[in-house]
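Residue numbers run from 1 in the order of the sequence given. Keep in mind that this is a model prediction, so the values were computed, not measured. Atoms within each ligand, like the ligands themselves, are counted from 1 in listed order.
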Amino acid sequence: MTSAMLGPPSVTVRAPAKVNLELRVGPRRKDGYHALSTVYQAVSLHDEVTVQVADDWGITITGSRALGVPADETNLALRAARTLADRYGVDEPVQILVDKEIPVAGGMAGGSSDAAAALVACDYAWGLGLTKDELGAVAATIGSDVPFLLHGGTAIGTGRGELITPVLTRGTFHWVLAAADIGLSTPDVYRHFDTIVEREERSVPAPAASMELMTALRSGDAQRLAAHLRNDLQEAAVELRPELGDVISSGLHFGALAGIVSGSGPTVAFLVADSESAIDLAVALAATRTVSETFRATGPVHGASVRGVARVD
Ligand code: ATP
């Protein structure tokens, strides 16, 4: 077969989930966003996003967690692809297939990661050859977490989370992610954070990453890292959904080194010592009433990266 007979390539990109090792929330800015300092880590729970140049734009969702994911223009992967096309004057529509494994609306940034993956896949499919910084600039217009999901690894996010600085880490950390079947929307959690601040008359300093956390990450010592995980939104999330407090207590009871609400929740991320402890904890938590599903994952892992390119007739 000659290459002239082949159709356009289909490009598949792996899109990782993330956990926030630290989420410090500062004052609300004039644009309505809160100033953040967060430390992200990409973990080994992935969606797969495949794009192929076609006659029309479109998106299809498959996989074990497809339920509730919009297959229309509001899907972040499709929005990212169309934004990239507009920005670079590309007139080649793509069909996007998202194979969904990351729990939806869980605080693990699955939608943002699909958007990052769509950018990487379209860049490849259209032969744009953009740098990470160029893709990152488009990513930041789609959502605050999207630049990190392009980047992967472990990184500090400032601004509203979109300004990324890589962090040096050693070794691999083991996580158990506990999904709870209790809806919790990101805007509601931020609103409740503001309510608590007002109610308690707290001052909210400008946020900054903790040096102890940086040192713990460099040491590769999970026990040390456990002592410095922090999420300023956790109190608000737990007040809104007290069941989350029970999930954290159960995880600690079953041997986790630490447990923290991931982002704005409702997923709880537990740090454990090694892969055996992860299996034990995942099994024990799965048997509790509030936890609907558990996942084991390790981090850090790469950001959105091309997994394969297939050329079909
Ligand atoms: P974050 O951690 O960034 O706050 P999240 O993990 O809480 O995000 P997502 O799974 O990214 O939440 O999705 C939140 C909402 O975004 C979904 O309920 C869905 O309606 C919408 N959405 C748009 N595109 C996608 C996508 N590709 N995958 C999942 N959800 C999407």
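The aromatic rings of Y40 and F148 lie parallel to each other, with less than 30° between the two planes, well short of the 60° mark.
Taking every non-hydrogen atom of G110 and a distance limit under 4.0 Å, the qualifying atoms of ligand 1 come out as 6 (O), 11 (O). Under a 4.0 Å criterion applied to the non-hydrogen atoms of K18, ligand 1 contributes the atoms 2 (O).
Protein heavy atoms come within 4.0 Å of atom 17 (C) of ligand 1. Within a 4.0 Å radius of atom 5 (P) of ligand 1, the protein contributes at least one heavy atom.
Checked by distance only, ligand 1 and G107 come closer than 3.5 Å through their nitrogen or oxygen atoms. Of the N or O atoms in S264, none lie within a sub-3.5 Å distance of an N or O in ligand 1. Checking only distances, T74 never comes within under 3.5 Å of ligand 1, N or O to N or O. Below 3.5 Å of separation, one finds no N or O of V69 facing any N or O of ligand 1. Residue G265 has no nitrogen or oxygen atom sitting less than 3.5 Å from a nitrogen or oxygen atom of ligand 1, judged on distance alone.
Judged purely by atom type and a 3.5 angstrom limit, N75 uses its side chain to pair as donor or acceptor with the backbone of P70.
Of all the heavy atoms of V104, the ones lying under 4.0 Å from any atom of ligand 1 are found in both the backbone and the side chain.
For the ligand labelled ligand 1, residue D145 lies inside the 4.0 Å heavy-atom shell. Taking 4.0 Å as the cut-off, R79 does not count as a neighbour of ligand 1 on heavy-atom distance.
The shortest distance between side-chain heavy atoms of L229 and E22 does not fall below 4.5 Å.
With 3.5 Å as the limit, one finds a donor-acceptor pair spanning the side chains of D72 and T74. Between the side chains of T60 and Q95, no donor-acceptor pair is found at a separation under 3.5 Å. Remark: the H34 side chain and the D194 side chain contain an N/O donor-acceptor pair separated by less than 3.5 Å.
With A17, G111, P70 as candidates, the residue nearest to atom 19 (C) of ligand 1 on a non-hydrogen basis is P70. Residue A105 holds the heavy atom nearest to atom 13 (O) of ligand 1 of all those in S144, A105, P266.
With sequence neighbours left out, R87 forms a salt bridge (charged side-chain N to carboxylate O under 4.0 Å, His left out) with no residue at all.
The neighbour count for Y190 OH, taken as heavy atoms of other residues, nucleotides or ligands under 6.0 Å away, is above 12.
Salt bridge annotation for R307-E48: present, with a cationic side-chain nitrogen under 4.0 angstrom from a carboxylate oxygen.
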